[in-house]
Undergrad: 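The structure under discussion is supplied below as structure tokens; questions concerning it will follow.
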Amino acid sequence: MEFRDKIDASQIELKDTVVNIGRVTKVVKGGKNMSFSALVVVGDGAGVVGFGIGKAKEVPSAIKKAIEAAKKALIRVPMTGSSIPHPVLGKFGAGAVLLKPAPDGTGIIAGGAVRAVVESAGIHNVLTKSLGSANHHNVVRATFDALSRLKDPSAIARLRGKELEDLVGA
């Protein structure tokens, strides 16, 4: 994964989306200790998105911890208009997520965890397919892997020493 600029969460307005809340039990000598695990996605709707996991005895505390973790792990997603620049496949564990650009008016064709991440990132037209594992954690991490693999068209043009119009016209 390439180096990304550190994004300061205090300077942008972030919306959070709870993807999954799970009840976790730990069996100890005196019985069972129950706690809750929360998976949260935060984003500004303009290309900045992050996810976090929090665990606590109560649900609100777990969500709060997850939001704080998500704010520390923000990435910037390169976009062309309201879609992504090129098709990309992200993998994590047994899960894989395919993201394909779509023309204006298509909308977000995605389910569950992928939809939460894509909406938070501010992508309005995209086709997705979740492959393999349906585990929320794996799907979210695979989606973030895919988003982090996206290349900015203007950066690629600079690397090749060409104008952006030359690449788009080809």
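The first residue in the sequence is number 1, and the count goes up from there. Since this is a predicted model, take the numbers as computed values, not measurements.
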Undergrad: Are Phe51 and Val42 side-chain neighbours, meaning at least one heavy-atom pair lies under 4.5 Å?
TA: no
Undergrad: Is His86 reaching over with its side chain to a backbone N or O of Lys151, donor-acceptor style, under 3.5 angstrom?
TA: yes
Undergrad: Once rounded to the nearest 0.5 Å, what's the spacing between atom OG1 of Thr17 and atom CZ of Arg115?
TA: 11.5 Å
Undergrad: Quick one: are Leu131 and Val97 in side-chain contact, heavy atoms under 4.5 Å?
TA: no
Undergrad: Provide the closest heavy-atom pair for Ala116 versus Val41 in the form atom of the first, atom of the second, distance.
TA: O-CG1, 4.1 Å
Undergrad: Please tell me if the side chains of Val40 and Val19 come closer than 4.5 Å, counting only heavy atoms from C-beta onward.
TA: no
Undergrad: Going hydrophobic residue to hydrophobic residue with side-chain gaps under 4.5 angstrom, can you get from Val59 over to Val18?
TA: yes
Undergrad: Examine Phe144 and Leu98 and state if one hydrophobic cluster contains both, with Ile, Leu, Val, Met, Phe, Trp and Tyr joined whenever side-chain heavy atoms are less than 4.5 Å apart.
TA: no
Undergrad: Same cluster or not: Met79 versus Val114, using hydrophobic residues (I, L, V, M, F, W, Y) connected whenever any side-chain heavy atoms lie under 4.5 Å apart?
TA: yes
Undergrad: Applying the 4.5 Å side-chain criterion to the ILVMFWY set and letting contacts propagate, would Leu89 and Leu147 be lumped into a single cluster?
TA: no
Undergrad: Do Asn125 and Ser82 have a side chain donor and acceptor closer than 3.5 Å?
TA: yes
Undergrad: Any link between Phe92 and Leu74 through a network of hydrophobic side chains (Ile, Leu, Val, Met, Phe, Trp, Tyr) touching at under 4.5 Å?
TA: no
Undergrad: Within this structure, what is the OG1-CG distance for the pair Thr80 and Asp152, rounded to the nearest 0.5 Å?
TA: 9.0 Å
Undergrad: Does any non-hydrogen side-chain atom of Lys26 lie less than 4.5 Å from one of Val28?
TA: yes
Undergrad: Quick one: CG on Leu99 to CG on Leu150, what's the gap to the nearest 0.5 Å?
TA: 7.0 Å
Undergrad: To the nearest 0.5 Å, what is the distance between NZ (Lys91) and CZ (Arg149)?
TA: 8.0 Å
Undergrad: Distance-only, no hydrogens or angles: does the Ser120 side chain make a donor-acceptor pair with backbone N or O of Val117 under 3.5 Å?
TA: no
Undergrad: Taking NZ, NE, NH1 and NH2 as the nitrogens, is one of them in Arg141 or Asp145 under 4.0 Å from a carboxylate oxygen of the other?
TA: no
Undergrad: Set out, in order, the CA-CA distance, both residues' side-chain angles and the distance that settles side-chain contact (heavy atoms from CB on, under 4.5 Å) for Ile84 and Val126, then state yes or no.
TA: CA-CA 7 Å; Ile84 56 176; Val126 68; 4.1 Å; yes
Undergrad: State the CG-CZ distance between Asp44 and Arg76, to the nearest 0.5 angstrom.
TA: 7.5 Å
Undergrad: Minimum heavy-atom separation for Ala70 to Gly52, with atom names?
TA: CB-N, 3.5 Å
Undergrad: Check Arg23 against Phe36 and note the closest heavy-atom contact, atom names and distance.
TA: CG-CE2, 3.8 Å
Undergrad: Do Met34 and Val24 touch side chain to side chain, with heavy atoms closer than 4.5 Å?
TA: no
Undergrad: Mind running side-chain contact (heavy atoms from CB on, under 4.5 Å) on His137 and Asn20 for me, showing each step along the way?
TA: CA-CA 8 Å; His137 295 269; Asn20 186 34; 4.3 Å; yes
Undergrad: Do Pro101 and Pro87 have side chains that get closer than 4.5 Å, going by heavy atoms?
TA: yes
Undergrad: Checking Ser83 side chain against Ala102 main chain: does a donor-acceptor pair fall under 3.5 Å?
TA: yes
Undergrad: Just do the side-chain contact (heavy atoms from CB on, under 4.5 Å) check on Lys65 and Ile63 with the steps written out, would you?
TA: CA-CA 5 Å; Lys65 283 183 180 180; Ile63 292 172; over 6 Å; no
Undergrad: Of all heavy-atom pairs between Ile12 and Val48, which one has the smallest distance, and what is that distance?
TA: CD1-CG1, 3.8 Å
Undergrad: In Å, rounded to the nearest 0.5 Å, how long is the span from NZ of Lys15 to CD1 of Ile67?
TA: 13.0 Å
Undergrad: Mind running side-chain contact (heavy atoms from CB on, under 4.5 Å) on Glu119 and Ile108 for me, showing each step along the way?
TA: CA-CA 8 Å; Glu119 281 178 347; Ile108 299 172; 3.3 Å; yes
Undergrad: Determine the minimum heavy-atom distance between Val27 and Lys32, stating which atoms define it.
TA: CG2-CG, 4.2 Å
Undergrad: Does the side chain of Ile53 reach to within under 4.5 Å of the side chain of Ser37, using non-hydrogen atoms?
TA: yes
Undergrad: I need the minimum non-hydrogen distance between Pro78 and Pro85, along with the two atoms involved.
TA: O-CD, 3.3 Å
